[in-house]
Protein chains: 2
Amino acid sequence: MTYCVGFWLEEGAVLLADTRTNAGVDNISVFSKLHALEIPGERVIALMTAGNLAVTQSVVTRVMEGVGAASDAPETTLATTPTMFDAARLVGEAVRDVYRTDGPALEAQNFKFEASIILMGQIAGRRMRMFHIYSAGNFIEATPDTPFFQIGENKYGKPILDRVAQHKTPLEDAVKLAFISMDSTIRSNLSVGMPLDLLVYKRDALKIGLQRRIEETDEYYRMIRTRWSDALRSAYRDLPAPAFWGAT
Amino acid sequence: MTYCVGFWLEEGAVLLADTRTNAGVDNISVFSKLHALEIPGERVIALMTAGNLAVTQSVVTRVMEGVGAASDAPETTLATTPTMFDAARLVGEAVRDVYRTDGPALEAQNFKFEASIILMGQIAGRRMRMFHIYSAGNFIEATPDTPFFQIGENKYGKPILDRVAQHKTPLEDAVKLAFISMDSTIRSNLSVGMPLDLLVYKRDALKIGLQRRIEETDEYYRMIRTRWSDALRSAYRDLPAPAFWGAT
């Protein structure tokens, strides 16, 4: 399993991905699911992936390096797409291409073809956009009404986002939120695990603001983890007992 | 969908179930999923159900009224089983019986046979027990290490339980917890909805402590809902910003 969350905000974007992959509980590995491309001053594009690792790695290679395109023309990659909308179409087309190649063999062995991708980026002279691309290669775009996307094991970490996340949430608060949401997921699903990959992009910067691997020993993450747990426990303790309690 | 949570605690048990059923988003109804049997001084047995409504109603009728058993002997029901373990076996057998009757027809039309049941009760002279019964009629029992069971849409409401719920949690705190967990679920999944059915049983009482329908207008539930949201928001606000923030 996987958990990735991406925020599309007034100030910029925050992406956070776990790194655990598993083929059964007895076969667990660490793979980065966050891939970023930076041409300073010209473009920043990043994507996070969930689904079969063989499928998503193949998609990432296609869109980053252009390998696998069946054409004599110079291959389009995320480094050359003229717009973010074209970038989303390129990723969608890569997903469909992998499906054509690997889908039937996967399905013949009762594996589901799964790929879901969050794509965020900005190209000089254009606006920052974020897309959620599905297994069928189609996609939706984040808007101020729904300023975050989740892929993978999304449920445990969603309630806090539903309550707090807004388009105007500041970048640093979104980092906190991403950590809280990730921590809830890691606690409840063993197949989502540390370390984490974090990327922060400030709108119009056209360079990566921050890209960092968060290890289990990271002090800030540990602090969020402990203090959030403590805060939940104390909030729960402070709520009064049911008013109808006398009835028992 | 459905969300039910049951706590098996030192002091007793708390059961909370939503009442929404749906066959598609355009066909939503209210059905109780919590069924209780009380013979004061002799036994209290309650069950909560998730899955196909036709399946679970059929199971409940079989175990409550004995309808459908193919035997000349007086039918065993939850009112007559000598032990809670026998009660769990009776429910499991009823699930298998419905599977034999309805399973093939459901599967022929590509419906999955689904039934999952939380069974709690105590019979005079014996201890209070709680079981989680699966679609195959097999079951597990709550122990001090894992003092709660969830059925249906369990993920949204699980993080708070994982952090706080313990076997020694007082009954009234478990009611709070159940409401918080239910509220997180209702906010994130439209197919789980009000009103709620609550049952509280004090260990060794051999009568129902409290059984109550919680409507949307219930003041205590509304207070929990509002104050919990506020507490989460303020806990999140109080957490410091990332220490590595200067790096952007």
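Numbered from 1 within each chain, the chains take letters A, B, ... in sequence-line order. Note that the structure is a prediction, hence the values are computed from the model and not measured.
- The neighbour count for A:R126 CZ, taken as heavy atoms of other residues, nucleotides or ligands under 6.0 Å away, does not exceed 12.
- Between chain A and the residues B:A235, B:P159, B:A205, B:A231, the largest count of heavy-atom pairs under 4.5 Å involves B:P159.
- At most 12 non-hydrogen atoms from other residues, nucleotides or ligands lie less than 6.0 angstrom from CG of B:L190.
- Taking A:N22 as the reference, nothing meets the side chain to side chain donor-acceptor pair (under 3.5 Å) condition, with sequence neighbours excluded.
- A:R237 contributes atom CZ, which lies 10.0 Å from atom CG of B:D173 (distance to the nearest 0.5 angstrom).
- The part of B:D162 that comes within reach of chain A is its side chain, from C-beta onward, which places non-hydrogen atoms under 4.5 angstrom from that chain.
- In this structure, chain A has no heavy atom under 4.5 Å from any part of B:P170.
- Only the side chain of B:I160 comes within contact range of chain A, with heavy atoms under 4.5 Å apart.
- Residue contact with chain A, scored on non-hydrogen atoms closer than 4.5 Å, is absent for B:T226.
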Notebook entry, point to check: Run the side-chain contact (heavy atoms from CB on, under 4.5 Å) check on A:L239 and B:Y220 step by step: do they pass?
Noted result: CA-CA 10 Å; A:L239 291 175; B:Y220 181 70; 5.6 Å; no

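- With hydrogens and angles disregarded, a donor-acceptor distance shorter than 3.5 Å links the side chain of A:K176 to the backbone of B:Y236.
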Next item on the list: Could you please spell out the steps behind the side-chain contact (heavy atoms from CB on, under 4.5 Å) verdict for A:K155 and B:K158?
Entry: CA-CA 10 Å; A:K155 292 189 178 182; B:K158 190 158 185 285; over 6 Å; no

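- A salt bridge between A:D230 and B:R163 is absent, with no side-chain N of the basic residue lying under 4.0 Å from a carboxylate O of the acidic one.
- Other residues, nucleotides and ligands contribute more than 12 heavy atoms inside 6.0 Å of the CZ atom of B:R233.
- Neither the backbone nor the side chain of B:E219 comes within contact range of chain A; no heavy atoms are under 4.5 Å apart.
- With chain B as the partner, the residue from A:I208, A:I180, A:I224, A:L177 showing the most heavy-atom pairs under 4.5 Å is A:L177.
- Heavy-atom pairs under 4.5 Å with chain B peak, among A:G157, A:S184, A:P240, A:S229, at A:P240.
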